[in-house]
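What follows is a short report on a single structure.
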Amino acid sequence: MTHYTTVRPPEAAPDWTIPQDWERYSADEHAMWDHLFERQTRLLPGRVAPAFLEGLDILRLSKPGIPDFAELNARLMDATGWQVVAVPGLVPDAVFFDHLANRRFVAGRFIRTPEQIDYLEEPDIFHDVFGHVPLLANPVFADYMEAYGRGGQRAGELGAIERLARLYWYTVEFGLLRGADGLQIYGAGIVSSFSESIFALDDPSPNRIAFDLRRVMRTLYRIDDFQQTYFVIDSFEDLLRQTVENDFAPLYRALQGANDIGAADVLDSDRVDHRGTQDYAHAKALSAGKHNA
């Protein structure tokens, strides 16, 4: 999770929000949304948590073109009391947490170009809205996101943002769920990515390890490529329970001075669904070494 930038643009309000200006999207930009939407919705059934597909239906995201936040928010507010607000890009952590704690999800309003179709560094409206918002129509996951925002406000006071950021990364962005018929994806970074939607479930390279709160908060992650480890929750209800029933302050104190766990490491104490070969990461590292030689 990286939501920090240093200077608020002059067009942004004090809470960093800006108008979506939906009328300014071009036909090509709407067509890009439609292409990405069609590609993902064709791939995801059988792979994604059912709550995600239910959210697509509740919010009527199948309507062609980039969603108009005014229309989207009317349905989302009815479902769970959440709304989506446009921001100019990455925002400070305190701003991000305040929005979440008040059931507002911040979303970039730009959409990727054809050259960025499979990878871009800063999240665009497709990642933010298609990837994140459908699960905000699920009451349990919506409560988890609010609880996370409130936890973020406390983590800032306790100097533990980095620990909590790992929880967001390995759940909200790149989480897996143990479904009745096997593992399912739910993290927005996976569901909005064609290639990672396949890699996260099918590739032998990454580890897939049962979720453990302390373990997650100690684990490093990749921001530049596919994850080397995915953590598997049992249910959204259990994730919410662990978030609201744990007092994070003593947890942060207990983790002070604890060694970080590498992104690819497997511990003896882990409950392992799949021990990855890490072949993908090794091949990428080898290729990078050859190019740098």
Side-chain angles (χ1 to χ4, degrees), residues 1 32-57 61-62 111-135 138 141 168-211 216 219-236 263-266 272-288:
M1 183 194 73
M32 174 58 73
W33 172 280
D34 291 342
H35 171 72
L36 293 168
F37 185 93
E38 191 277 333
R39 184 171 73 161
Q40 287 305 105
T41 53
R42 183 161 29 92
L43 174 67
L44 290 177
R47 293 179 173 274
V48 74
F52 180 89
L53 298 177
E54 292 165 5
L56 290 180
D57 290 339
L61 284 174
S62 59
I111 192 162
R112 67 195 71 181
T113 65
E115 293 76 25
Q116 300 169 310
I117 192 166
D118 287 317
Y119 178 77
L120 69 167
E121 291 187 7
E122 186 175 339
D124 70 341
I125 193 170
F126 186 77
H127 168 88
D128 284 340
V129 174
F130 180 88
H132 284 280
V133 175
L135 282 182
N138 176 273
F141 196 82
Y168 189 92
W169 190 264
Y170 279 121
T171 59
V172 178
E173 290 290 355
F174 293 97
L176 300 182
L177 171 69
R178 197 180 315 282
D181 298 321
L183 300 187
Q184 301 166 335
I185 59 180
Y186 73 91
I190 309 176
V191 301
S192 62
S193 167
F194 182 84
S195 52
E196 195 150 6
S197 293
I198 298 170
F199 179 86
L201 291 184
D202 297 350
D203 200 285
S205 186
N207 303 316
R208 300 175 185 95
I209 296 172
F211 178 86
V216 166
T219 306
L220 302 173
Y221 55 79
R222 299 292 301 265
I223 63 171
D224 59 342
D225 212 327
F226 296 149
Q227 298 307 299
Q228 292 178 264
T229 294
Y230 298 94
F231 288 96
V232 184
I233 63 170
D234 289 327
S235 66
F236 294 143
D265 292 350
V266 176
V272 180
D273 282 84
H274 171 77
R275 182 184 290 265
T277 65
Q278 300 300 327
D279 287 348
Y280 174 84
H282 294 156
K284 290 295 288 285
L286 182 61
S287 176

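Because the structure is a prediction, the values reported are computed rather than measured. Count residues from 1 along the sequence.
Tested against Leu176 for a side chain to side chain contact (heavy atoms under 4.5 Å, CB included), the candidates Ile233, Val232, Thr171, Asp273 yield a single pass: Val232.
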In residues 49-56, what donor-acceptor pairs under 3.5 Å come from side-chain atoms, sequence neighbours left out?
none

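Shown here for Ser192 and His127, the closest heavy-atom pair between the two residues is OG-ND1, 3.2 Å. Annotation for Ser205 and Tyr280: closest pair OG-N, 3.0 Å, computed over non-hydrogen atoms. Nearest heavy atoms, Arg208 versus Asp203: NH2-O, 2.5 Å. The minimum heavy-atom distance linking Gln278 with Pro206 is given by the pair NE2-CA, 4.1 Å. What you find for Arg47 and Asp202 is that their closest heavy atoms are NH2-OD2, 2.6 Å. Contact detail for Ala281 and Gln228: the closest heavy-atom pair is CB-NE2, 3.4 Å.
Proximity of the aromatic rings of Phe141 and Phe236 is defined here by a centroid distance below 6.0 angstrom, and this criterion is met.
Within the model, atoms CD1 of Ile111 and CH2 of Trp33 stand 6.5 Å from one another, a figure rounded to the nearest 0.5 Å. Going from atom CG of Leu44 over to atom CD1 of Ile185 covers 5.0 Å, rounded to the nearest 0.5 Å. A distance of 6.0 Å separates OG1 in Thr41 from CD in Glu38, rounded to the nearest 0.5 Å. Between the NE2 atom in His35 and the CZ atom in Phe126 there is a gap of 9.5 Å [rounded to 0.5 Å]. Taken to the nearest 0.5 Å, the CZ atom of Phe231 stands 8.5 Å off from the CZ atom of Phe211. Here the straight-line distance linking atom CG of Asp234 with atom CG of Leu177 works out to 8.5 Å at 0.5 Å rounding.
Partners of Arg112 according to the salt bridge (charged side-chain N to carboxylate O under 4.0 Å, His left out) rule, which considers only residues two or more places apart in sequence or in another chain, are Asp124.
The main-chain N or O of Ala263 is never found under 3.5 Å from a side-chain atom of Thr219 such that the two would form a donor-acceptor pair. With Gln40 contributing its side chain and Phe37 its backbone, the two residues share no donor-acceptor pair below 3.5 Å. The backbone N or O of Ala264 sits less than 3.5 Å from a side-chain atom of Asn207, completing a donor-acceptor pair.
Here the side chains of Pro134 and Leu61 are in contact, with some heavy-atom distance below 4.5 Å. Side-chain atoms of Leu201 and His274, non-hydrogen and from C-beta on, never get closer than 4.5 Å to each other. Looking at heavy atoms from C-beta onward, Thr277 lies out of side-chain contact with His282 at the 4.5 angstrom threshold.
Using bins of under 30°, 30° to 60° and over 60° for the plane-to-plane angle, the ring pair Tyr170/Tyr221 lands in the perpendicular bin. The aromatic rings of Tyr230 and Phe174 sit tilted relative to each other, their planes meeting at an angle between 30° and 60°.
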Run the numbers on Phe194 and Leu43 for side-chain contact (heavy atoms from CB on, under 4.5 Å), then give the verdict.
-> CA-CA 8 Å; Phe194 182 84; Leu43 174 67; 3.7 Å; yes

Full working for side-chain contact (heavy atoms from CB on, under 4.5 Å) between Gln227 and Glu196 = CA-CA 9 Å; Gln227 298 307 299; Glu196 195 150 6; 3.9 Å; yes

For the pair Val266 and Val272, evaluate side-chain contact (heavy atoms from CB on, under 4.5 Å) and give the outcome as yes or no after the intermediate values.
-> CA-CA 8 Å; Val266 176; Val272 180; 3.7 Å; yes

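The pair Lys284-Asp224 fails the salt-bridge criterion, with no side-chain N (NZ, NE, NH1 or NH2) lying under 4.0 Å from an Asp/Glu carboxylate O.
By the 6.0 Å contact criterion, CZ on Arg275 is open, its count of non-hydrogen atoms from other residues, nucleotides or ligands being 12 or less.
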